[in-house]
Amino acid sequence: PAALPELEVAWTDYYRTMIELTNRLMSLCARGLGLAPDFFADKIDQAPNALRAINYPERATAPLPGQLRAGAHTDYGTLTVLRQDAVGGLEVLDLTQNWVGVESVPDAFVINIGDLMARWTNDRWQSTLHRVVDPPDETLARARRQSMPYFQNANWSAEIACLPTCLAPGERPKYAPVLAR
């Protein structure tokens with residue numbers, strides 16, 4: 001906005017920092033999958049990544065039963081890096097199918113696996129089903145919540161096919177190869 005000219009500089013710097021961070025994380029992911037550290041480099045170097053600022057307004061009244069701030073979903077891309085404020089409310093579905101709150105840690109990020117990484121790994125690494133609820137603390141439940149998710153994706157032209165290191169002997173890929181776009 002014209003009223004905040006310094007926002008463009010800060011936003012651009014943060015976006016570039018997120019690109020650097022996710023490139024490093026993807027290199028670590030490659031190593032964790034038994035691949036060369038630069039395996040993903042040419043598959044994410046022109047990716048349509050996205051940075052969002054999400055504002056959940058202060059609530060004047062309690063939510064209706066079952067009402068959420070953001071419904072359960074997974075993210076499309078490879079990784080999501082989330083910076084959240086201290087209000088909380090982010091929950092992930094654990095392996096026992098229970099919703100678990102994600103603690104908001106100052107100066108830390110929450111990293112989610114996305115759908116493309118799940119496909120690449122044949123669900124060895126599963127996409128993180130998550131949602132945003134009102135925190136149980138009444139004061140925080142009514143508070144304004146802000147978060148800044150950065151969505152790291154693959155290049156539109158990248159083929160997303162099961163990685164050979166993610167198949168056990170005799171196992172078949174769960175998904176047919178697709179282009180990221």
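When atom types are taken as modelled, the side chain of Thr22 and the backbone of Ile19 share a donor-acceptor pair closer than 3.5 angstrom. A donor-acceptor pair is defined here as one N or O able to donate and one able to accept, closer than 3.5 Å; such a pair exists between the side chain of Asn49 and the backbone of Asn153. Without hydrogens or angle criteria, Asn122 side chain to Lys174 main chain gives a donor-acceptor distance under 3.5 Å. The backbone N or O of Gln152 sits less than 3.5 Å from a side-chain atom of Thr78, completing a donor-acceptor pair.
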Are Arg145 and Leu90 close enough, and set up right, to give a side chain to side chain contact (heavy atoms under 4.5 Å, CB included), and what steps lead you there?
CA-CA 10 Å; Arg145 179 183 191 272; Leu90 177 65; 3.7 Å; yes

Are Gln126 and Thr74 close enough, and set up right, to give a side chain to side chain contact (heavy atoms under 4.5 Å, CB included), and what steps lead you there?
CA-CA 10 Å; Gln126 295 182 1; Thr74 58; over 6 Å; no

List the steps and the verdict of side chain to side chain contact (heavy atoms under 4.5 Å, CB included) for Ile113 and Leu79.
CA-CA 5 Å; Ile113 296 291; Leu79 300 174; 3.9 Å; yes

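Classified by interplanar angle (parallel below 30°, tilted 30° to 60°, perpendicular above 60°), the ring pair Tyr150/Tyr15 is perpendicular.
The line from CG of Asp115 to CG of Asp75 is 7.5 Å long, rounded to the nearest 0.5 Å. Note: Ser104 OG to Arg83 CZ = 9.5 Å, rounded to the nearest 0.5 Å. Taking CG from Asn23 and CE from Met18, the interatomic distance works out to 11.5 Å, rounded to the nearest 0.5 Å. For the atom pair CG (Leu163) and CZ (Phe40), the distance works out to 5.0 Å, reported to the nearest 0.5 Å. With rounding to the nearest 0.5 angstrom, the CZ atom of Phe39 is 9.0 Å from the CE atom of Met26.
For the residue pair Asn155 and Ser157, no side-chain donor N or O sits within less than 3.5 Å of a side-chain acceptor on the partner.
Trp11 and Phe109 fall within a single hydrophobic cluster, where Ile, Leu, Val, Met, Phe, Trp and Tyr side chains are chained together by heavy-atom contacts under 4.5 Å. Two different hydrophobic clusters hold Phe151 and Val102 under the rule that ILVMFWY side chains link at heavy-atom gaps under 4.5 Å. Under the 4.5 Å side-chain heavy-atom criterion for grouping Ile, Leu, Val, Met, Phe, Trp and Tyr, Leu82 is not connected to Trp125 through any hydrophobic cluster. The hydrophobic cluster containing Val178 also contains Ile44, counting ILVMFWY residues as joined when their side-chain heavy atoms lie under 4.5 angstrom apart, directly or transitively.
Membership of an apolar cluster is not assigned to Leu167, as no side-chain contact below 4.5 Å to another ILVMFWY residue is traced. Hydrophobic side-chain contacts under 4.5 Å tie Trp99 into a cluster, directly or through other members, with Leu93, Leu129.
Ala154 and Trp120 get closest at one heavy-atom pair: CB-CH2, 4.1 Å. Between Ala118 and Tyr175 the shortest heavy-atom distance is O-CE1, 4.4 Å. Residue Thr96 comes nearest to Asp94 through the heavy atom pair OG1-OD1, 2.7 Å, listed as atom of the first residue, atom of the second, then distance. Residues Ser27 and Pro37 approach most closely at OG-O, 3.0 Å, considering heavy atoms.
Using a 4.5 Å heavy-atom threshold, the side chains of Glu8 and Thr12 count as touching. Tyr56 places a side-chain heavy atom less than 4.5 Å from the side chain of Ser147. Put simply, the side chain of Glu6 reaches to within 4.5 Å of the side chain of Leu4, judged on heavy atoms. For the pair Met148 and Arg52, the minimum side-chain heavy-atom distance is 4.5 Å or more. In this structure, the side chains of Arg124 and Leu33 come closer than 4.5 Å at one or more pairs of heavy atoms.
Counted within 6.0 Å of CD on Glu171, heavy atoms from surrounding residues, nucleotides or ligands total more than 12; the atom is thus considered enclosed. Residue Glu103 places its CD atom among 12 or fewer non-hydrogen atoms of other residues, nucleotides or ligands, all under 6.0 Å distant.
Every residue two or more places apart in sequence or in another chain that forms a salt bridge (charged side-chain N to carboxylate O under 4.0 Å, His left out) with Arg131 is listed here: Glu91.
Screening Leu25, Leu51, Val110, Asn112 for a side-chain contact (heavy atoms from CB on, under 4.5 Å) involving Val81 leaves a single residue, Leu25.
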